[in-house]
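Structure, as C-alpha cells:
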Amino acid sequence: MNRISSAYPQAAADTLPGRVLLHARQRPGAVALRYKRLGIWQVLAWDALAQEVGVLAAALAADGFQAGDRLALLGHPRAEALLLALAALWLGGEVAPLAVDLAPDALALTLTELAPQVVFAEDQEQVDRLLESGVALRRVVYGDARGLLHYQEPALQALEDWQRGYQTAALPPIQAQPEGVAFVYARSCAWDARPAGALTHARLLASGAALGAALGLHDDEEAFWGRRLAPAGLLRHLLAPWLVQGFRLSIPESLESRDQDRREIGPTLVLGSAQSYARLQARILGRLPSASAWQGRLIRAALEGQRGVLAWLVLHSLREVVGLARVRHAVLVGEAPAPDVQQFYTRLGLPLRLAEGLESAPLELAEDALGRRLAVWVAP
C-alpha cells in the first residue's frame, strides 16, 4: 500500500484513476474486477487492480507516453484494455475507443485524425486490421498472442512482454486533472452520428454519481460488461458508476461465452442498447421449447401476460436460465427499444430503464406476472 499512497495526491479523487486509488486505500480487499480466461474466472481486488494499473502506467511512461498523448483501443471488452486505459488516464493521457466494425477506410481516417501514441489491439484479427490500414503506428500492443508470434513488425509487442520489468518500478505521479479530457471520439467515426467529442473526468464522474443516485446503486452490485468498448454511453453509465460506487465489474471471456458467463456471475446490473436487448430477446425466444410442448405453452402464456404464482415461477426460472435472475437494474443506453422489446422485459420482470435523464424520464406503471406495479420508461 505504500506505493499506492505515494502516488495519490489529494486532488486525484476527482479523476478516474484517482477513484481507483481511493477504493484501493479504503477497501483494499474488496473485489473490483472479474474476468474470464481459458474458462477460469480471474479476480482483482481494488488494491491489486491499482497496482496493475500503476505498473502499466510505469510501462507507458517508459515508452514515452505523457500527458496529452492518446491511447486507442480496438477490440471487445477485455480486462487488459480497461487496465491500460486507466493507466493512460493516470498519466494525463486521453483514451480513444474504436468501434470494432469500422470499415477499413474509416479506420484509417480515424487513426490518422486521432494520431494515437499507443494502440491496444485485442488479438490477431484487430492487429491485422491495424496493419492493413496503412497508417504508420508508433506502438501497437496486443492482448492475445495466439497467431502473432511470426509477425516481424517493430512497433508490435505483446502486452505481457511490453510491461515486463516494471512490476517493482516506482509508480509515476498521477497527472490527470478533473477538467482534463479522459475519452475522445473522432469526427470520422461513421458508426456514430454525433460529431467529434470528448468526455472529461469530471463529467464522467458526475454521470456515474447521478446514475448511482437515481438507481440507488451500492458497492455490493454485480455489473456485467458484455459488449463493445466504444460507445460513450457505456463509459458514462457503466464504467463511471463502477468507479464512483466501487461495485464489482465482470467481463466475459468472449461474445460466444457471454450467456454462460452471465449465468455464472448472476449480475444485479446490466446495461445495453435497444439492439443488444433485442438480440438477447431473440436468443431467449429461440431457445424456448416448442409451442406444441406443454413447457413451451406454459412459458409463452407467461410471456404473453398470464398472471398468477405459476406464471411468476415460470418467468423466474426463465430468468435463472439466461443469467438474469438477480438483476435489479436493466439500464438502456441510446434510442428507445421497440414496444415489443420493452413489453417482453417488463413481463419478464425486468423493465428497461433509460440511462439518459433517468431521474426525469417519463414513466408509466405496468404490472408483472404477480400483478406488482413496475415503473417503465415511456418513449416520447
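The side-chain heavy atoms of Val333 and Ser273, taken from C-beta on, include no pair separated by under 4.5 Å. The closest side-chain heavy-atom distance from Leu131 to Leu137 is not below 4.5 Å. In this structure, Leu74 and Glu122 have side chains that are not in contact, with every pair of non-hydrogen atoms separated by 4.5 Å or more. The closest side-chain heavy-atom distance from Glu94 to Asp69 is not below 4.5 Å. Between Trp90 and Leu171 there is a side-chain heavy-atom pair separated by less than 4.5 Å. At a threshold of 4.5 Å between non-hydrogen side-chain atoms, the residues Thr200 and Arg203 count as touching. In this structure the side chain of Leu211 never reaches within 4.5 angstrom of the side chain of Leu238, judged on heavy atoms. Two residues are said to be in side-chain contact when any heavy atoms from C-beta on lie closer than 4.5 Å; Phe183 and Pro97 meet this criterion.
Leu16 approaches Ala182 most closely through the heavy-atom pair CD1-CB, 4.1 Å. Between Leu332 and Ala274 the shortest heavy-atom distance is CD1-N, 3.4 Å. Taking each heavy atom of Leu111 and Pro116 in turn, the nearest pair found is O-CD, 3.5 Å. Residues Leu73 and Ala85 approach most closely at CD1-CB, 4.1 Å, considering heavy atoms. Nearest approach of Leu114 to Ala96, heavy atoms of both residues: CD1-CB, 3.6 Å.
Judged purely by atom type and a 3.5 angstrom limit, Gln175 has no side-chain atom pairing as donor or acceptor with the backbone of Ala67. Not one N or O on the side chain of Arg236 forms a donor-acceptor pair closer than 3.5 Å with the backbone of Gly208. Side-chain N or O atoms of Arg34 include none that pairs as donor or acceptor with a backbone N or O of Trp41 at under 3.5 Å. Panel note: side chain Arg129, backbone Leu102; a donor-acceptor pair is recorded below 3.5 Å. Side chain of His201 to main chain of Asp14: no donor-acceptor pair is present (N/O by atom type, distance under 3.5 Å, no hydrogens or angles). The main-chain N or O of Ala32 is found under 3.5 Å from a side-chain atom of Trp242 such that the two form a donor-acceptor pair. With hydrogens and angles disregarded, a donor-acceptor distance shorter than 3.5 Å links the side chain of Thr15 to the backbone of Gly18. In terms of modelled atom types and a separation under 3.5 Å, the side chain of Thr268 and the main chain of Glu222 share a donor-acceptor contact. Side-chain N or O atoms of Glu253 include one that pairs as donor or acceptor with a backbone N or O of Leu38 at under 3.5 Å. The backbone N or O of Val327 lies less than 3.5 Å from no partner atom in the side chain of His329, so there is not a single donor-acceptor pair.
The pair Glu80-Arg37 meets the salt-bridge criterion, with a side-chain N (NZ, NE, NH1 or NH2) lying under 4.0 Å from an Asp/Glu carboxylate O. Comment: Arg258 does not engage Asp261 in a salt bridge, judged by the lack of any side-chain N to carboxylate O separation of less than 4.0 angstrom. Arg25 and Asp47 are not joined by a salt bridge, as no carboxylate oxygen comes within less than 4.0 angstrom of a charged side-chain nitrogen. In this structure, Glu221 pairs ionically with Arg328, as a charged nitrogen and a carboxylate oxygen lie closer than 4.0 Å.
Within the model, atoms CZ of Arg70 and CZ of Phe65 stand 10.0 Å from one another, a figure rounded to the nearest 0.5 Å. To the nearest 0.5 Å, atoms CG (Leu269) and CG (Leu215) are separated by 7.5 Å. To the nearest 0.5 angstrom, Tyr35 atom OH is 12.5 Å from Leu249 atom CG. For the atom pair Leu91 CG and Leu60 CG, the distance stands at 6.0 Å (nearest 0.5 Å). Once rounded to the nearest 0.5 Å, the distance linking CG of Asp105 with OG of Ser133 reads 11.0 Å. From Phe224, atom CZ reaches atom CD of Glu264 across 9.0 Å, with rounding to the nearest 0.5 Å.
Taking a 6.0 Å sphere around CD of Gln42, one finds it holds more than 12 heavy atoms contributed by other residues, nucleotides or ligands.
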Let's go through Ile251 and Arg78 carefully: what are the C-alpha distance in whole Å and the side-chain angles of both, what is the deciding distance for side chain to side chain contact (heavy atoms under 4.5 Å, CB included) to 0.1 Å, and is it a yes or a no? CA-CA 7 Å; Ile251 302 176; Arg78 285 182 69 97; 5.7 Å; no

So Trp162 and Arg139, side chain to side chain contact (heavy atoms under 4.5 Å, CB included) or not? Walk me through it. CA-CA 10 Å; Trp162 179 72; Arg139 173 73 65 211; 3.9 Å; yes

Might you work through the side chain to side chain contact (heavy atoms under 4.5 Å, CB included) test for Leu288 and Leu303, ending with a clear yes or no? CA-CA 11 Å; Leu288 294 182; Leu303 288 173; 4.1 Å; yes

Which is it for Val100 and Glu125 under the side chain to side chain contact (heavy atoms under 4.5 Å, CB included) test, yes or no, and what are the steps along the way? CA-CA 10 Å; Val100 293; Glu125 178 184 357; over 6 Å; no

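With no hydrogens or angles considered, no side-chain donor-acceptor pair links Gln66 and Gln117 at under 3.5 Å.
A ring-centre distance under 6.0 Å is found for Tyr345 and Tyr277.
Hydrophobic clustering (ILVMFWY, side-chain heavy atoms < 4.5 Å, transitive): Leu285 and Val314 are in one cluster.
When each of Leu86, Leu82, Leu83, Leu33 is tested with Glu52 by the rule side chain to side chain contact (heavy atoms under 4.5 Å, CB included), just one qualifies, namely Leu83.
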